[in-house]
Amino acid sequence: TKFIGPVYSLEEANKLGKPVKQDGQFYRQVVPSPQPIQLIDQQLTALELLTKNDVIVICGGGGGIPVIFDPVSRRLTGIEAVID
């Protein structure tokens, strides 16, 4: 898990309704930090289009928007997580 967002008192943290952990003398929200499983096809398509059109693309590890595939809607849905 990773800390995100501002710090809260214990009383404020209890009112959040989200997972929190102590961070020093305060509390902060925590979210999962899963290992990336795969790149999304559209990401590679975008990179290919940019490079074929002589655009300099700078890519690095980590980051990205964490998503899951929803089999019912067959769409990607954003989730609260941190991708390192």
Side-chain angles (χ1 to χ4, degrees):
T1 61
K2 297 277 186 178
F3 291 112
I4 64 165
V7 296
Y8 300 97
S9 68
L10 178 59
E11 182 180 318
E12 292 170 324
N14 287 333
K15 292 179 184 178
L16 283 179
K18 296 183 178 189
V20 294
K21 285 189 178 178
Q22 191 167 2
D23 185 14
Q25 66 186 46
F26 296 101
Y27 293 81
R28 294 179 67 195
Q29 182 181 348
V30 292
V31 295
S33 181
Q35 289 293 320
I37 297 172
Q38 70 183 53
L39 288 173
I40 306 304
D41 291 338
Q42 292 87 342
Q43 292 171 313
L44 295 175
T45 301
L47 289 173
E48 288 171 358
L49 177 66
L50 290 168
T51 56
K52 284 180 182 176
N53 286 283
D54 299 323
V55 175
I56 296 172
V57 180
I58 300 172
C59 300
I65 300 170
V67 295
I68 58 171
F69 180 73
D70 180 348
V72 175
S73 68
R74 303 198 40 78
R75 299 183 69 145
L76 296 173
T77 303
I79 59 169
E80 285 191 340
V82 174
I83 304 297
D84 290 326

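By convention here, the first residue in the shown sequence is residue 1. When reading the values below, keep in mind they use all heavy atoms of this one structure, side chains included, and skip hydrogens, waters and symmetry mates.
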Rounded to the nearest 0.5 Å, what's the gap from [atom1] on [X] to [atom2] on [Y]? Could you check?
| X | Y | atom1 | atom2 | answer |
| --- | --- | --- | --- | --- |
| Glu48 | Asn53 | CD | CG | 12.0 Å |
| Gln29 | Leu16 | CD | CG | 6.5 Å |
| Leu76 | Asp41 | CG | CG | 9.5 Å |
| Leu47 | Thr45 | CG | OG1 | 9.0 Å |
| Ser9 | Gln25 | OG | CD | 11.0 Å |

pair Thr77-Val67: side-chain heavy atoms closer than 4.5 Å
no

Can you find a pair of side-chain heavy atoms, one from Arg74 and one from Phe69, that are under 4.5 Å apart?
yes

Any residue meeting salt bridge (charged side-chain N to carboxylate O under 4.0 Å, His left out) with Lys52, in chain and number order, not counting sequence neighbours:
none

Full working for side-chain contact (heavy atoms from CB on, under 4.5 Å) between Leu10 and Tyr27
CA-CA 6 Å; Leu10 178 59; Tyr27 293 81; 3.6 Å; yes

Going by side chain to side chain contact (heavy atoms under 4.5 Å, CB included), name the residues that satisfy it together with Ser33, two or more places apart in sequence or in a different chain.
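For Ser33, the residues satisfying side chain to side chain contact (heavy atoms under 4.5 Å, CB included) (neighbours in sequence not counted) are Lys2, Asp84.
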
Check whether any side-chain N or O of Arg28 sits under 3.5 Å from a backbone N or O of Tyr8 as a donor-acceptor pair, and report yes or no.
no

Hydrophobic cluster membership, Val57 vs Leu49, 4.5 Å side-chain cutoff
no

Heavy atoms of Ile40 and Gln42 approach each other most closely as CG2-OE1, 2.7 Å

Pro66 and Ala81: which non-hydrogen atoms are nearest, and at how many Å?
CG-O, 3.4 Å

Determine whether more than 12 heavy atoms belonging to other residues, nucleotides or ligands lie under 6.0 Å from atom CD of Glu11.
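No - once you tally the heavy atoms of other residues, nucleotides and ligands closer than 6.0 Å, there are 12 at most.
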
State plainly whether the residues Asp70 and Arg75 are in salt-bridge range, i.e. N to O under 4.0 Å.
no

Just do the side-chain contact (heavy atoms from CB on, under 4.5 Å) check on Val82 and Ile4 with the steps written out, would you?
CA-CA 9 Å; Val82 174; Ile4 64 165; 3.8 Å; yes

